[in-house]
Amino acid sequence: MHVFVAGGSGVLGRRLVPRLVARGHRVTATTTSKAKVRLLDEMGATGVVMDGLDAASVGTAVASAQPDVIVHQMTAISMTHAGKPDIKHPDKWFAITNRLRTEGTDNLLAAAQAAGVPHFVAQGYASWNGEPRGGWVKTETDPPNLMPGTASHPLLLALKEAEDKVLEAGGAVMRYGSFYGPGAMDDQVTLLRKRQYPLVGDGAGYMSWIHLDDAASATVLAVEKKATGTFNVVDDEPAPASQWLPYMAECAGAKKPRRVPVWLARLLAGDQAVVMMTSGRGFSNAKAKRELGWTPHYPSWRQGFKEVLA
C-alpha cells in the first residue's frame, strides 16, 4: 500500500516509517522542518514538508500523494518537551499538540475525503487516564477521565474529540500507553537522576506503558488489516506508580525517588501528577491482541526499562 504518515519525523514516526518500508509499503512521510526531509528520505520514505494546522498545506500534500491510508502521528511534543516538563500546566505545555489533535485531525480527515483515501489511522492515548472508579484496569469500552475543571481538561478533551471524529469517519484509533524507548523518556530520566521525580502519596495509581517499537508494530498491523475502532496499545502489565517508578530509577542508576504528600504534590506539580500517581487507571491490551493478532516484543516495562536504560 501507499501509506501517508503525517508526523513521520516524530519519536514514534521514526520507528514506524522504517517498519512500513521494510514490509514493502510505499511511504510518504511529513515533517514541519525542511531539515528533516533528508532524515525521512534516508528511512526509505518520500519526505514532504507539511503544516498540519494549515488546511491548504495538508490538502496539497495528501492530494499529491494519493495514498491508500493516512496515519495521523502529528504532535508538537518534541518541541514542547525540551527542558523540564511542565506537568502543572498541561494546558499550556500541550497547546500546539492540542490544536494538532483538533484542527490537525479536521484538516487530515477533510483532505482524506477530498482525495478519496479509504482508510485512516490516528494516534490516541491510554496510560493513566482511565475513569478513576471501579477496577484498576480498563478496556476500550470504559470512558476516559477528562478531569473537568483542571488544567489537564483541554488535553484530555482534545484526545476524545479527535478519537470521536476518526471513529465517525470509519477509522482506527491506536490508544498508546506512555512511550518509552529511544528519545521518549529522556526528560523523565533526567528528573529522576536529579531526584525531582517523586512518588506521590501511596503511589497506588496505575499506568500502562508501551515501547516505541511495539507501538509501531501494532500500528503497522492496523494499517495492513484496515482496522476500525479503538485499540489500547499497551504492554501486558499495567502497574501502580509505587512499582514502576522506583524500578525506573534503579534501572537509570538513580537514587530511590523521594515520597511527597498529596497536598504538596498538588501545590507543586498540579492535579495531573496527583491523579496519575494516586488514582490513575491502566488499560488492557486484550482487544489489540485478539483483533490485530499483535504481540508486544516487550510484554512488561520491567524488561523494557532494564534494556533501554542499561
Side-chain angles (χ1 to χ4, degrees), residues 11 77 81 83-90 93-94 125-132 135-138 145 147 150-152 155-156 175-212 214-215 232-285 296 298-310:
V11 68
I77 293 174
H81 279 214
K84 186 176 180 180
D86 188 5
I87 195 173
K88 188 175 182 178
H89 304 103
W93 191 29
F94 282 91
Y125 188 62
S127 177
W128 53 269
N129 54 315
E131 184 183 31
W136 291 99
V137 180
K138 303 299 184 180
N145 181 6
M147 293 184 65
T150 72
S152 298
L155 162 66
L156 298 167
R175 293 176 172 173
Y176 304 120
S178 284
F179 287 149
Y180 70 94
M185 58 193 306
D186 297 350
D187 52 359
Q188 296 174 72
V189 171
T190 297
L191 292 176
L192 275 173
R193 289 173 176 161
K194 292 180 178 179
R195 303 203 77 190
Q196 295 177 357
Y197 196 167
L199 193 64
V200 177
D202 59 5
Y206 271 57
M207 180 177 282
S208 285
W209 293 89
I210 191 70
H211 191 285
L212 289 168
D214 286 327
N232 296 334
V233 182
V234 298
D235 71 16
D236 296 347
E237 191 180 359
S242 59
Q243 292 183 19
W244 63 258
L245 186 60
Y247 185 78
M248 182 190 291
E250 179 185 338
C251 291
K255 293 182 179 179
K256 187 176 180 180
R258 295 186 174 95
R259 188 183 293 268
V260 300
V262 168
W263 69 266
L264 182 59
R266 181 170 281 114
L267 179 67
L268 297 177
D271 295 298
Q272 185 170 310
V274 172
V275 170
M276 284 171 58
M277 292 209 180
T278 63
S279 62
R281 263 51 175 178
F283 293 84
S284 165
N285 63 14
Y298 296 92
S300 171
W301 47 269
R302 297 178 193 275
Q303 170 196 359
F305 287 0
K306 187 173 183 179
E307 182 173 319
V308 169
L309 299 175

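Note: hydrogens, waters and symmetry copies are ignored here, and every other heavy atom, side chains too, is used. Residues: numbered from 1 along the sequence shown.
- With a 4.5 Å cut-off on side-chain heavy atoms, S152 and D271 do not count as touching.
- With R266 contributing its side chain and Q272 its backbone, the two residues share no donor-acceptor pair below 3.5 Å.
- Once rounded to the nearest 0.5 Å, the distance linking NZ of K138 with CG of N232 reads 12.0 Å.
- Across all non-hydrogen atoms, the minimal contact from P198 to V260 is CB-CG1, 3.8 Å.
- Remark: side-chain polar atoms of Y247 are paired, donor with acceptor, to backbone N or O of R302 under 3.5 angstrom.
- No side-chain donor-acceptor contact under 3.5 Å links R175 to the backbone of V233.
- Between Y298 and H211, the angle of the ring planes stays under 30°, which puts this pair in the parallel group of the 30/60° scheme.
- The two residues S284 and V234 come nearest to each other via the heavy atoms C-CG2, 4.0 Å.
- The backbone N or O of K255 lies less than 3.5 Å from no partner atom in the side chain of R195, so there is not a single donor-acceptor pair.
- In this structure the side chain of N285 reaches within 4.5 angstrom of the side chain of D236, judged on heavy atoms.
- Side-chain atoms of W128 and M277, non-hydrogen and from C-beta on, never get closer than 4.5 Å to each other.
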- CA sep, side-chain torsions, deciding dist, call: F283, S127, side chain to side chain contact (heavy atoms under 4.5 Å, CB included): CA-CA 7 Å; F283 293 84; S127 177; 5.5 Å; no

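- Contact record, A273 with A269: CB-CB, 3.7 Å, taken as the closest heavy-atom pair.
- For S208 against P238, the heavy-atom pair with the smallest separation is OG-CB, 3.5 Å.
- Minimum interatomic distance between I87 and P90 (heavy atoms only, all atoms of both residues): O-CD, 3.2 Å.
- In this structure, F179 and I210 have side chains that are in contact, with non-hydrogen atoms separated by less than 4.5 Å.
- We find the OG-CZ distance between S242 and R259 to be 7.0 Å, quoted to the nearest 0.5 Å.
- By the 4.5 Å heavy-atom criterion applied to side chains, P257 and L192 are counted as neighbours.
- Rounding to the nearest 0.5 Å gives a distance of 13.5 Å between OH of Y206 and OG1 of T278.
- When atom types are taken as modelled, the side chain of K88 and the backbone of L267 share a donor-acceptor pair closer than 3.5 angstrom.
- Looking at heavy atoms from C-beta onward, D214 lies out of side-chain contact with D235 at the 4.5 angstrom threshold.
- Here the closest non-hydrogen pair linking L212 and G181 is CD1-C, 4.0 Å.
- Counting heavy atoms from C-beta on, the side chains of R281 and W136 come closer than 4.5 Å.
- W301 and F305 have tilted rings, their planes meeting at an angle from 30° to 60° on a 0 to 90° scale.
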